[in-house]
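Reading through the structure tokens given below for one structure.
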Amino acid sequence: MDPRLEVQEFLTALRGRITPERAGVTLYGGESRVPGLRREEVAQLTGVSTAYYTRMERGDLRGVSESVLYALVRALHLDEAETTHLIDLAHAAGPTRAPRKKPVTRVSPRIGQLLDTMRDVPALAFDRLGDPVASNALGRALFPELFPEHGAPLNHYRYLFLDPRSQKFHSDWDVSARGAVSSLRLLAGHDLEDRALAALVGDLATRSEQFRTWWGGHTVRTHTSGTKQIHPSALAPLRGAAATFPQEEETAFAPPR
């Protein structure tokens, strides 16, 4: 991913989103405007020159101090996730570092034991890219399409955007899908040189128009908890598994390569 382009698109989207009223900019009658704030208005609210802010919005955050970044956070009324993403992008603009190889996600014995004890609730564990790395019997029963009988488990993001069955499974598919995009966007800010993540995003953007549109919106959000609505028909196999799971063995497995 191109760090300069990521910064440019993110700041442009933020500037176009906030209203002058919310930002505290005085409006005069008959003034012709475009949606959002002008660059000079953001610069004034941030306490820098228009030329300096323009350089920032064009993707150059090299040498920008934290005080200026947090002044920009206040000017654009960024939330915690957006602030984190901006700081991550600023760090990415620093000296180039050699790409780090991401370790393979493996399930620790303690996590495996925890799943074994969760006999009355579906439990799944995913790695950062959405590959299932562990599950219990009820989890596999609730999400049977992620766990084909003869084949490797499916990537959750690819299932969500590239498999039509996911839109029937999730009653609130739009909510789940938008949340997935914002999670990936926030993850990308942590390491713009994550090749595996870039490959996943590129595949989804190429094959899913909806993903491509939402990814271009640069929405970031931290997901710590939430509620998913599942179509009632998906609960039938779960009831069957609940009746027989004492004979089931819990499974932990490495993500597909």
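None of the values given here were measured: they were computed from a predicted structure.
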Residue pair [X] / [Y], side-chain heavy-atom distance below 4.5 Å:
X	Y	result
Leu162	Asp203	yes
Leu45	Leu37	yes
His156	Leu146	yes
Phe211	Val181	yes
Glu82	Leu14	yes
Leu160	Trp173	yes
Ser135	Leu115	no
Leu184	Leu204	yes

Looking at Asp163 and Arg165, does any basic side-chain N land under 4.0 Å from a carboxylate oxygen?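 Looking at Arg165 together with Asp163, the answer is yes, because their closest N to O distance falls below 4.0 Å.
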
If you take all heavy atoms of [X] and [Y], which pair is closest and at what distance?
X	Y	answer
Ala43	Ser49	CB-O, 3.6 Å
Gly63	Tyr52	O-OH, 4.3 Å
Arg221	Leu186	O-CD2, 3.8 Å
Arg15	Leu76	CA-CD2, 4.3 Å
Gly179	Ser182	O-OG, 2.9 Å
Ala75	Ala23	O-CB, 4.3 Å

- request: Taking the six-membered ring for Trp and the single ring otherwise, decide whether the centroids of Phe143 and Phe169 are under 6.0 Å apart.
  value: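 Yes.
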
Starting at [atom1] of [X], measure out to [atom2] of [Y] and round the result to the nearest 0.5 Å.
X	Y	atom1	atom2	value
Arg178	Thr213	CZ	OG1	9.5 Å
Tyr157	Ser183	OH	OG	5.0 Å
Leu187	His85	CG	NE2	10.5 Å
Trp214	Phe161	CH2	CZ	6.0 Å
Leu114	Met118	CG	CE	5.5 Å
Leu86	Leu72	CG	CG	6.0 Å

* Check Arg38, Arg4, Arg39 against Glu57 for a salt bridge (Lys or Arg N to Asp or Glu O under 4.0 Å) and give me the one that passes. =>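 It is Arg39; the other options fail the test.
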
Treating [X] as the side-chain partner and [Y] as the backbone partner, does any N or O pair qualify as donor plus acceptor under 3.5 Å?
X	Y	answer
Asp60	Arg55	no
His77	Arg22	yes
Asn136	Val121	yes
Asn155	Arg158	yes
Arg58	Gln8	no

Verify the neighbour count for atom [atom1] of [X]: are there more than 12 heavy atoms of other residues, nucleotides or ligands below 6.0 Å?
X	atom1	result
Glu21	CD	yes
Gln44	CD	no
Glu40	CD	yes
Tyr70	OH	no
Arg110	CZ	no

Inset, instruction - Start with the C-alpha gap between His190 and Thr84, add the side-chain angles, then the distance that decides, and say whether side chain to side chain contact (heavy atoms under 4.5 Å, CB included) holds. - result: CA-CA 9 Å; His190 293 320; Thr84 298; 4.1 Å; yes

Derivation of the side chain to side chain contact (heavy atoms under 4.5 Å, CB included) call for Leu192 and Leu89: CA-CA 8 Å; Leu192 293 174; Leu89 292 177; 3.9 Å; yes

